[in-house]
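Beneath this line is the structure, given in structure tokens, with notes to follow.
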There are 4 protein chains.
Amino acid sequence: MKLKDDKKIVQIFQAALKLVAKKGLSGVTMGDISREAGIATGTLYVYFKGKDELINALFAACRENSVQVSFKGYNPQLPFKPGFKNIWLNILRYKLQHFEEVIFMEQCYHSPFITAGTREKAQQLSAPFYALMERGQKEQLIKQTDTGLLLIFMLGAMNELVKQTHYSGITLNRSRINSTFDLCWDALKA
Amino acid sequence: MKLKDDKKIVQIFQAALKLVAKKGLSGVTMGDISREAGIATGTLYVYFKGKDELINALFAACRENSVQVSFKGYNPQLPFKPGFKNIWLNILRYKLQHFEEVIFMEQCYHSPFITAGTREKAQQLSAPFYALMERGQKEQLIKQTDTGLLLIFMLGAMNELVKQTHYSGITLNRSRINSTFDLCWDALKA
Amino acid sequence: MKLKDDKKIVQIFQAALKLVAKKGLSGVTMGDISREAGIATGTLYVYFKGKDELINALFAACRENSVQVSFKGYNPQLPFKPGFKNIWLNILRYKLQHFEEVIFMEQCYHSPFITAGTREKAQQLSAPFYALMERGQKEQLIKQTDTGLLLIFMLGAMNELVKQTHYSGITLNRSRINSTFDLCWDALKA
Amino acid sequence: MKLKDDKKIVQIFQAALKLVAKKGLSGVTMGDISREAGIATGTLYVYFKGKDELINALFAACRENSVQVSFKGYNPQLPFKPGFKNIWLNILRYKLQHFEEVIFMEQCYHSPFITAGTREKAQQLSAPFYALMERGQKEQLIKQTDTGLLLIFMLGAMNELVKQTHYSGITLNRSRINSTFDLCWDALKA
DNA sequence: GATGAATGAGATTTCATTCAT
DNA sequence: TATGAATGAAATCTCATTCAT
């Protein structure tokens with residue numbers, strides 16, 4: 001008797017992401033997902049109790065992934081601005097490389113699938129970002145406005161930028177990335 | 001003889017907006033919409049050929065509405081910054097007061113409902129915003145970065161701000177609005 | 001106040017015939033008929049209590065028409081065979097010229113629309129055909145087989161011939177008509 | 001694992017035939033068919049993409065069946081007339097025993113369900129009948145009239161005879177069958 | 001565990017009929 | 001009478017989920 005197969009979960013997640021990016025959350029069925037993942041429909045139910053659970057699990061995974069990646073290489077000992085820019089670039093890279101996840105999370109947010117619990121957990125994962133901003137504020141480098149406001153402002157802007165970049169087919173060269181960063185920095189800096 | 005009633009289209013649109021905001025695009029059925037609008041399901045099909053057409057029409061209407069409202073009171077003869085702020089406030093007000101439309105449009109964008117044609121038309125309506133930004137750039141008040149980038153940056157940030165505001169239940173007082181505007185302006189200003 | 005308009009009934013009948021010939025009885029709706037007839041759907045219900053009544057009335061009209069036409073020019077004083085051929089030609093002409101009626105009646109026969117009463121009346125209208133055949137039998141010109149059998153044989157064959165002719169686009173010249181008649185006559189003749 | 005079950009297709013076909021014979025093509029719904037076949041409505045869609053496909057498939061199956069049965073026991077080495085009568089009897093037997101198929105095919109022919117392709121294929125299956133008639137013509141036993149005409153004449157007549165027989169409740173005894181055959185033969189013979 | 005046919009509740013859509021004008 | 005919008009029952013079809021293999 002085989003055991004549950006982690007590789008299969010990855011297949012399922014990737015299938016779901018691809019399809020949601022292409023057809024939107026409301027256009028994706030369990031049948032679509034299984035077909036795309038190369039497994040039988042019934043098998044989906046071996047790994048997830050139902051569609052809701054699948055979506056919630058994927059949402060949580062994406063969210064976790066996005067946070068984890070963001071702080072790669074961040075060293076709080078080093079000065080703020082280069083550390084901040086490092087994280088900013090991590091986020092940008094993540095959003096560009098995992099564009100499907102970005103879309104998926106956006107689609108989910110207002111859907112009836114995501115439970116309060118999942119939403120809650122997602123919020124909790126924001127803590128390091130708040131901490132980062134607060135450090136900048138403490139060091140007088142970042143505006144003293146409401147921290148959540150600043151964060152949301154930055155992330156919202158980045159999201160839209162990434163979508164725009166993706167759809168317009170522009171490749172972001174270094175100079176374009178830098179001028180984009182400057183927009184963010186100028187907005188936030190004290 | 002009974003005549004087709006434009007008021008009924010408004011009822012249908014409002015019902016759809018309300019429901020999509022509450023349950024997400026994927027959770028709303030034609031039956032839900034008709035019930036909420038206080039008409040028979042069949043009547044929906046008197047006004048729209050199908051669900052697709054209804055969604056597309058509503059999307060177009062929201063988009064048009066949002067643009068029209070934005071430029072209310074704008075006078076290109078007056079200096080740039082106050083005019084810009086006027087528009088910024090219009091947008092903010094629209095997004096807050098018509099929050100359901102904001103959510104609806106976001107939900108739609110990646111759905112299988114919106115056709116290429118509808119997307120196209122939506123894009124064309126952005127022209128006045130581009131013109132506004134270009135004026136600011138010509139007057140050396142706005143960064144010389146790619147105009148689309150600047151716009152997207154601003155609108156993405158505003159969108160997220162509004163969502164945050166809405167869900168956190170904060171009421172935006174004048175000072176909070178102003179500091180939010182400053183974020184945008186500092187980002188964009190040359 | 002206008003009175004019911006006989007011309008409108010003709011329009012309705014013609015619309016129904018045309019549509020049934022094109023799309024089959026199961027593909028025709030009251031909306032289709034009214035549109036084709038150039039009147040409002042509601043108006044259909046001024047002239048007929050419902051779809052059933054409309055179909056039954058049209059069926060009866062077609063049936064009556066087909067019989068009436070068949071005996072045009074028939075004089076029972078004259079010898080049998082030329083009289084018979086005259087009728088045969090009348091039937092052929094009717095079926096070719098009113099092909100839509102032929103199709104309509106065939107479609108109706110096994111439909112749930114036609115009531116027992118309508119079917120009954122249709123049967124009664126066959127009496128002159130029976131009489132004709134019986135005369136031929138009495139004069140020893142026609143086989144002594146069951147009269148109904150002979151009739152059905154002839155009419156079934158003609159029906160199929162007309163359909164074949166119609167769909168193949170062949171125009172029936174005199175010689176082709178004659179050889180077709182010979183088939184019938186040879187079958188029936190004593 | 002459950003496998004698709006050919007027996008289920010037979011059940012579906014039989015249910016559809018029975019219902020169409022009873023209520024006419026326009027009166028039969030997918031729900032009716034599934035109920036009669038003893039399966040869930042959704043299951044119909046496992047076997048057929050939609051109502052159209054079901055009807056077309058059934059039409060094709062009936063047509064094929066009717067042709068196959070007709071030539072059972074036919075040996076082209078033997079003299080023409082007994083071979084012809086053998087086939088004639090096969091056809092008669094088929095039409096009487098599979099009366100529902102006869103009605104179904106008639107109902108379908110002018111319906112919006114049958115596609116041009118299906119019609120085409122049905123026509124191609126007529127080839128052996130043409131060949132048979134041509135043999136009779138070559139042997140100077142059958143009239144030299146257009147082959148299609150002769151065929152259509154015979155089949156149309158038989159069709160109507162069978163319908164008449166069925167509805168009148170007459171049982172065809174040998175002598176009645178023979179006199180019916182004589183009608184056909186006298187019509188066709190040179 | 002893996003499969004995919006089977007299910008049936010529910011979604012979309014159609015359409016005969018009614019009704020207000 | 002004539003109109004065509006409005007209705008809602010019923011038809012077609014979809015799809016999350018179950019189940020037999």
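Numbered from 1 within each chain, the chains take letters A, B, ... in sequence-line order. Only heavy atoms go into these numbers, but all of them, side chains included; no hydrogens, no water, no symmetry mates. It should be emphasised that the depicted structure is a prediction, and the values quoted were computed from it without experimental measurement.
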(message) For Glu36(A), give me all partners under side-chain hydrogen bond (donor to acceptor under 3.5 Å, both in side chains), at least two apart in sequence or on another chain.
(response)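 Glu36(A): side-chain hydrogen bond (donor to acceptor under 3.5 Å, both in side chains) contacts with Lys18(A).
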(message) Let's see if you can work this out: which of dT3(F), dT7(E), dA11(E) has an atom nearest to the side-chain heavy atoms of Val46(C)?
(response)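 The closest nucleotide is dT3(F).
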(request) Not counting sequence neighbours, list each pair that qualifies as a side chain to side chain donor-acceptor pair (under 3.5 Å) and has a residue in residues 3-13 of chain B. (result)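 Passing the test, one end in residues 3-13 of chain B: no pairs.
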(request) Nearest-nucleotide wise, let me know which of Gly50(A) and Asp52(D) is further upstream toward the 5' end of DNA chain F. (result) Asp52(D)
(message) Going by salt bridge (charged side-chain N to carboxylate O under 4.0 Å, His left out), name the residues that satisfy it together with Arg119(B), two or more places apart in sequence or in a different chain.
(response)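 Not a single residue meets the salt bridge (charged side-chain N to carboxylate O under 4.0 Å, His left out) criterion with Arg119(B).
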(message) The criterion is salt bridge (charged side-chain N to carboxylate O under 4.0 Å, His left out); which residues satisfy it with Lys23(D), sequence neighbours excluded?
(response) Asp32(D)
(request) Report the secondary structure of DNA chain E in dot-bracket form, marking unpaired bases with a dot and bases paired to a different strand with |, and treating Watson-Crick or G-U pairs with both distances under 3.5 Å as paired. (result) .||||||||||||||||||||
Run the side chain to side chain contact (heavy atoms under 4.5 Å, CB included) test against [X] and tell me which residues pass, sequence neighbours left out.
X         : result
Glu120(D) : Gln124(D)
Lys51(C)  : Met30(C), Ile55(C), Phe113(C)
Ser34(C)  : Ile39(C), Thr41(C), Leu44(C)
Ala21(D)  : Glu100(D)

(message) Among residues 18-26 of chain C, which ones have heavy-atom contacts with DNA chain E below 4.0 Å?
(response) none
(message) Run the ring pair (Phe, Tyr, Trp, His ring centres under 6.0 Å) test against Tyr47(B) and tell me which residues pass, sequence neighbours left out.
(response) none
(request) Classify the angle between the aromatic ring planes of Phe104(B) and Phe59(B) as parallel (below 30°), tilted (30 to 60°) or perpendicular (above 60°). (result) tilted
(message) Contact list please: residues 33-45 of chain B against DNA chain F, heavy atoms, distance less than 4.0 Å, in numerical order.
(response)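 Going residue by residue through residues 33-45 of chain B, the ones with a heavy atom under 4.0 Å of DNA chain F turn out to be Ile39(B), Ala40(B), Gly42(B), Thr43(B).
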